[in-house]
**Student:** 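Here it is, the structure in full.
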Amino acid sequence: MFKAITAWDDKNQIKIVYKDDTDNRKLKTIKNFNWYFALSLNEFKTIPEDVLNDFYQRRVISKLEKKDKYVKIYAYNNWVVKPFIEYLTANNLHPLEADLSIHKRYLVDNHIEIEDNVDVLFFDIETDDSNQGIEIGRDRILSWAAYDNKGNSFFEAGDEREILKKFLLLLQKYDVYCGWNSDGFDVPYIKARLTKLGLSYEWRAKHHVDLMKRCIKLFSYEMEKIGLTGFSLNKVSKVFLNEEKIEHDEGILEMFQNNFELFKKYNLKDAELLYKLDKKLNLIQVMLQQCVWTGTFLNRFYVGELLDNYMLRESKKQGMYLRSKPDRKIMEELEDVRVTGGYVREPNRGLYDNVAIFDFKSLYPSMMISWNIGQDSLNEELSNIGSEHFEHFLKGRKIEEVDFDEWFKFLMKEKKLLDPNDEYTQTANNNFFDKHIDSFIPTLVKNLLDQRKVFKKELAKCQPGTAKYGDLKGKQSVVKEMANSMFGITADKRSRYFNRHIAEGITMTGQFMNKTISAIFEKLDSPVIYGDTDSVFVPVDNDVNIEKLLKTANDKLTDFILKWFKLKMSIVYLEYDKAYRKMIMLDKKRYTGMMKFLNDQDVNELYSKGTEDVKRNTITFAKQKFIDLVKLITDENKTADEIIQWVEDLRAYVLTTEDLQAEDLQIKTTVSKPTYKYKSKPVHVRLAEKLIKEGKMLEAQEGKNSWGNQISYIIVDNDNKDAILADEFNGNWDRKYYWDVQIFAPLERILSTVWPDIDWEKYDFEKAAKKERKRKLEEKRAEKERLKIEKEEKKRQKQQNLL
DNA sequence: GCGGACTGCTTACCT
DNA sequence: ACAGGTAAGCAGTCCGCG
């Protein structure tokens with residue numbers, strides 16, 4: 001059997017690109033594949049005979065085939081069948097897998113594997129830049145350069161038509177083409193120019209990967225750690241390859257005309273950097289591995305798609321058909337359906353010594369397995385009643401406002417009422433799942449977690465750095481990601497797995513578990529101060545044995561779950577993850593301090609979440625001062641008096657210093673979408689508009705995987721909304737604004753958390769001025785009041801005298 | 001015309 | 001192009017005040 005490189009629908013036919021035994025690329029056309037969708041037998045029986053006949057006559061459906069509990073309904077293709085699907089949905093029936101394209105149906109049914117032995121071309125184009133600004137397809141393409149994955153290089157410059165023809169000819173020898181920001185520039189540019197020149201190409205036979213997007217996805221969360229300050233090819237190459245682009249002073253066209261050798265070197269270097277980055281970071285190969293594992297093509301590399309293909313193939317093996325993806329109409333109905341998420345405990349703010357952080361291990365997957373939460377195990381009728389009772393119980397309250405005992409009592413009462421014979425597991429949203437069904441999703445999740453254990457075991461036997469080690473490491477992380485994403489698709493309205501009962505069965509049971517473990521720690525005299533979704537923060541005395549405490553808590557948790565929820569088994573338990581030596585609990589999702597235990601190691605390091613020192617848009621000077629302050633408090637145990645002195649010195653410094661440079665003061669903010677899409681225009685957008693007008697920047701692309709454009713600017717006069725680009729810094733900056741907003745505000749939050757009784761706001765110019773205004777106003781008002789009373793008193797006296 | 005209260009938008013984070 | 005929850009800061013609006 002062949003392995004597929006790519007495939008697509010061509011009217012009623014399927015086109016598949018594959019490699020034959022001698023590694024030659026071939027195109028296969030499948031002409032007579034019968035597309036079908038499925039319907040459960042029970043639902044099928046409700047369709048009136050004459051309706052079926054009618055659709056037969058109209059040649060909408062062609063054939064019926066009974067198979068176990070299903071009927072396969074064949075159609076001429078997946079679009080002529082639309083009226084029939086609409087008829088079924090309108091009559092409350094559920095066509096299964098009716099959204100599949102013809103080739104997807106074919107690939108799943110025939111268990112076609114994905115080819116990972118592919119040829120890759122890395123390329124880059126240069127265009128005429130003599131006109132103002134960049135506009136896709138406006139100007140001539142001057143040249144292109146390319147490297148393939150074997151290290152061969154190519155370069156063509158000159159007549160646009162000729163070089164583009166050569167490029168397409170070269171591309172014929174490859175399966176995948178990659179560029180840098182090529183989704184936003186190179187690819188649409190080439191396509192636009194081809195159209196202009198009246199040339200066409202079969203793009204569907206090749207996969208395109210934008211390596212910049214891939215890098216953003218992989219590294220954006222750890223930029224700070226690896227020293228990455230942006231996602232230009234230059235910056236990324238510098239960090240990972242210690243190489244840079246070729247420097248040049250002239251514009252592109254100028255260089256093309258006057259310094260062709262440098263131009264050629266420049267163009268080729270970019271392609272070479274792409275080739276080297278891929279080689280170093282294994283970008284394409286790791287993606288392909290996931291594609292092979294799940295049965296997905298490279299151009300559809302999204303979590304949702306990977307999981308969907310994997311699950312369609314698994315269900316096929318089990319002789320099952322899954323629900324169709326929602327059509328537009330259902331999506332519209334679902335638009336304002338909201339799914340409750342994780343629980344974030346109101347933190348007990350303050351300064352703490354010795355705080356242990358416990359985490360539920362793979363909480364959502366574990367609960368899905370333990371409670372058997374799935375589409376096929378859900379008793380919808382019972383759960384609808386349960387949900388209704390739950391709504392009534394909430395009386396408009398948000399779930400996080402409900403106290404643990406009250407929630408628990410409600411659930412137990414309902415369990416007795418709705419499931420007296422204990423046939424179901426009950427989730428914390430009062431929904432019910434059949435205990436006796438081997439449900440599809442939980443079984444799959446369990447397989448994934450088991451698979452991960454196997455990989456991890458093998459990994460332990462491998463030498464780091466070897467190919468096998470890398471391979472296992474990749475597989476292990478894919479399996480983990482898939483298990484963890486399984487919840488995500490049950491809450492994704494575009495997915496075939498969306499179900500509010502299920503999604504909230506998971507999240508609310510998670511909320512309940514968090515409250516349960518909190519109650520358990522409370523009973524163990526170790527009250528919890530904070531928790532977010534699957535974690536709890538517990539201050540412990542120095543002499544407490546944390547592992548022992550954890551064991552006790554876990555035992556109690558398991559007893560509780562088994563006793564009251566009557567599960568067959570529970571794999572929900574806590575792990576000891578980290579511990580602070582001293583920490584400041586600032587706010588929800590914001591805390592900082594000195595870690596003493598992290599990644600199974602004793603450490604002494606600053607560890608912050610959500611605070612300004614970890615945020616990209618905090619100025620470097622403020623970041624540094626924030627870190628200094630946290631260390632003074634949590635590492636050096638300074639007194640309030642010492643800190644007050646430190647603040648006063650810092651304020652005096654900020655008001656007078658001439659040392660601070662643009663790098664210290666620039667505020668970096670991302671422009672995340674085209675400027676015209678903004679409903680309000682913050683400073684950074686106004687500056688971006690200016691840059692775009694001057695042709696110094698492209699409009700940003702929208703989307704999760706695009707980085708947008710960072711604008712670095714300096715506030716010159718906040719009252720008059722005067723801001724300039726960091727490059728144009730001339731030494732003027734709004735010192736009071738910087739102190740109040742950029743520097744002191746984050747510090748003040750720390751200070752008033754640690755020393756709530758000290759008046760810290762007096763160091764903030766704006767707040768102090770406001771307070772003063774208020775005081776004066778109050779004084780005035782009091783004076784007026786006094787005069788009024790005096791006047792009345794006099795009047796009264798006068799009247800009394802008259803009497 | 002100004003400031004305060006309020007709402008909504010935007011960014012960036014956490015799980 | 002898998003989810004929801006949250007903080008901070010600013011833009012924009014409405015309104016009362018003088």
Side-chain angles (χ1 to χ4, degrees), chain A residues 183 213 217 220-221 223-224 296 299-308 311 325 337-347 357 359-360 362-364 398-400 481-498 500 502-504 506-508 510-511 514 530-536 577 586-591 608-618 667-673 675 677-686 700 702-706 708 710-711 715 718-719 721 723 737 740-742 745-746 748-749 766 769-770 773-774 777 780:
Chain A
D183 251 342
K213 282 194 173 166
K217 184 154 196 184
S220 59
Y221 73 100
M223 289 172 74
E224 195 101 343
T296 308
N299 60 342
R300 308 271 310 158
F301 193 82
Y302 320 110
V303 180
E305 185 71 16
L306 290 161
L307 260 177
D308 195 39
M311 289 169 77
K325 280 188 185 168
V337 171
R338 297 219 60 79
V339 173
T340 304
Y343 170 58
V344 187
R345 188 193 193 281
E346 192 63 46
I357 303 175
D359 273 61
F360 283 102
S362 300
L363 178 62
Y364 286 4
K398 282 184 184 158
I399 188 62
E400 64 259 33
E481 192 182 344
M482 284 172 60
N484 286 338
S485 310
M486 208 66 96
F487 154 72
I489 58 169
T490 69
D492 176 9
K493 290 163 203 153
R494 290 160 306 197
S495 123
R496 69 178 85 252
Y497 311 96
F498 175 76
R500 195 176 168 206
I502 292 175
E504 289 193 337
I506 296 165
T507 54
M508 294 226 189
Q511 293 215 11
N514 197 298
Y530 176 62
D532 185 347
T533 311
D534 62 351
S535 66
V536 280
D577 195 39
L586 253 192
D587 221 330
K588 284 180 171 177
K589 301 193 190 282
R590 292 160 64 83
Y591 50 89
S608 299
K609 286 290 177 189
T611 45
E612 276 68 13
D613 54 330
V614 299
K615 294 187 72 165
R616 286 203 306 273
N617 55 355
T618 307
I667 302 166
K668 292 185 199 166
T669 311
T670 304
V671 181
S672 61
K673 56 187 176 188
T675 50
K677 285 201 176 173
Y678 280 84
K679 290 180 183 167
S680 74
K681 301 257 179 206
V683 191
H684 71 289
V685 179
R686 293 198 294 267
E702 236 169 330
K704 243 184 184 171
N705 275 355
S706 81
Q710 274 207 357
I711 305 287
I715 304 289
N718 190 51
D719 293 337
K721 296 288 147 226
Y737 165 82
D740 279 358
V741 178
Q742 299 291 336
E748 197 270 338
R749 287 190 279 271
E766 192 67 33
K770 212 167 173 177
R773 272 198 301 273
K774 222 173 169 177
L777 215 71
K780 244 181 170 174

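Worth saying up front: this structure is predicted, and the values here are computed from it rather than measured. In what follows, chains carry the letters A, B, and so on, assigned in the order in which the sequence lines appear, proteins first and then strands, with residues in each chain numbered from 1.
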**Student:** Quick one: is A:R500 getting a side-chain N or O under 4.0 Å of the C:dA3 phosphate, OP1 or OP2?
**Tutor:** no
**Student:** Using a heavy-atom cut-off of 4.0 Å across all strands, would you classify A:A745 as base, sugar-phosphate, or nothing?
**Tutor:** sugar-phosphate
**Student:** State whether A:K589 places a side-chain N or O below 4.0 Å from either non-bridging phosphate oxygen (OP1 or OP2) of B:dC13.
**Tutor:** no
**Student:** Reckon A:R590 has a side-chain N or O less than 4.0 Å from the OP1 or OP2 of C:dA7?
**Tutor:** no
**Student:** Send over the distance from A:R686 CZ to B:dC9 P, rounded to a whole Å.
**Tutor:** 18 Å
**Student:** Just by modelled atom types, is the A:S535 backbone N or O under 3.5 Å from a matching donor or acceptor in the A:D359 side chain?
**Tutor:** no
**Student:** Looking across every strand, which nucleic acid part, if any, lies under 4.0 Å from A:G488 by heavy atom: base, sugar-phosphate, or nothing?
**Tutor:** base
**Student:** Mind checking A:R300 for me? I need base, sugar-phosphate or nothing, with any heavy atom below 4.0 Å counting as a touch.
**Tutor:** nothing
**Student:** With a 4.0 Å cut-off on heavy atoms, is A:Y737 in touch with a base, just the backbone sugar-phosphate, or nothing at all?
**Tutor:** sugar-phosphate
**Student:** Select from A:G342 and A:M486 the residue whose nearest nucleotide in DNA chain C is closer to the 5' end of that strand.
**Tutor:** A:M486
**Student:** Could you check A:F487 against A:E400 and say which one's nearest nucleotide on DNA chain C is further toward the 5' end?
**Tutor:** A:F487
**Student:** Could you tell me how far apart A:I667 (CD1) and B:dT11 (P) are, to the nearest whole angstrom?
**Tutor:** 15 Å
**Student:** Does the side chain of A:K589 come within less than 4.5 Å of A:K609's, by heavy atoms?
**Tutor:** no
**Student:** Quick check: do A:E612 and A:R749 have side-chain heavy atoms less than 4.5 Å from each other?
**Tutor:** yes
**Student:** Is a donor on one side and an acceptor on the other found under 3.5 Å between the side chain of A:T670 and the backbone of A:S672?
**Tutor:** no
**Student:** Looking at every strand, decide which applies to A:T340 at a 4.0 Å heavy-atom threshold: base, sugar-phosphate, or nothing.
**Tutor:** sugar-phosphate
**Student:** Under 4.0 Å between a side-chain N/O of A:K588 and OP1 or OP2 of B:dT15, yes or no?
**Tutor:** no
**Student:** With a 4.0 Å cut-off on heavy atoms, is A:V344 in touch with a base, just the backbone sugar-phosphate, or nothing at all?
**Tutor:** sugar-phosphate
**Student:** Check the distance between C:dT6's P and A:D587's CG and give it to me in whole angstrom.
**Tutor:** 11 Å
**Student:** Does a side-chain N or O of A:Y530 approach OP1 or OP2 of B:dT15 to a distance below 4.0 Å, or not?
**Tutor:** no
**Student:** Could you tell me the separation between the CD atom of A:E612 and the P atom of C:dA8, rounded to a whole number of Å?
**Tutor:** 7 Å
**Student:** Nearest of C:dG9, B:dT15, B:dT10 to any side-chain atom of A:V741?
**Tutor:** C:dG9
**Student:** May I ask you to evaluate whether A:R749 reaches the phosphate of C:dA7, defined as a side-chain N or O under 4.0 Å from OP1 or OP2?
**Tutor:** no
**Student:** Identify which nucleotide among C:dG9, B:dT10, B:dC13 has an atom closest to any side-chain atom of A:R616, counting heavy atoms from C-beta outward.
**Tutor:** B:dC13
**Student:** Counting only side-chain nitrogens and oxygens, does A:Y591 get under 4.0 Å of the OP1 or OP2 atom of C:dT6?
**Tutor:** no
**Student:** Using a 4.0 Å heavy-atom cut-off across all strands, classify A:Y343 as base, sugar-phosphate, or nothing.
**Tutor:** nothing
**Student:** Please tell me if the side chains of A:N514 and A:V536 come closer than 4.5 Å, counting only heavy atoms from C-beta onward.
**Tutor:** yes
**Student:** What is the nucleic acid contact for A:K398, judged by heavy atoms within less than 4.0 Å: base, sugar-phosphate only, or nothing?
**Tutor:** nothing
**Student:** A:I506 CD1 to C:dC2 C1': how many Å, rounded?
**Tutor:** 12 Å
**Student:** Using only side-chain N and O atoms of A:R338, determine if any of them is under 4.0 Å from OP1 or OP2 of C:dA3.
**Tutor:** no
**Student:** Are OP1 or OP2 of B:dT11 and a side-chain N or O of A:K673 less than 4.0 angstrom apart?
**Tutor:** no
**Student:** Does a side-chain N or O of A:T670 approach OP1 or OP2 of B:dT11 to a distance below 4.0 Å, or not?
**Tutor:** no
**Student:** Would you check if the side chain of A:Y530 reaches a backbone N or O of A:D587 as a donor-acceptor pair within less than 3.5 Å?
**Tutor:** no
**Student:** Kindly point out which of B:dC14, C:dG9, B:dC13 is positioned nearest to the side chain of A:K615?
**Tutor:** B:dC13
**Student:** Dump the intermediate steps for side chain to side chain donor-acceptor pair (under 3.5 Å) on A:Y497 and A:D308, then the final yes or no.
**Tutor:** CA-CA 9 Å; A:Y497 311 96; A:D308 195 39; 3.1 Å; yes
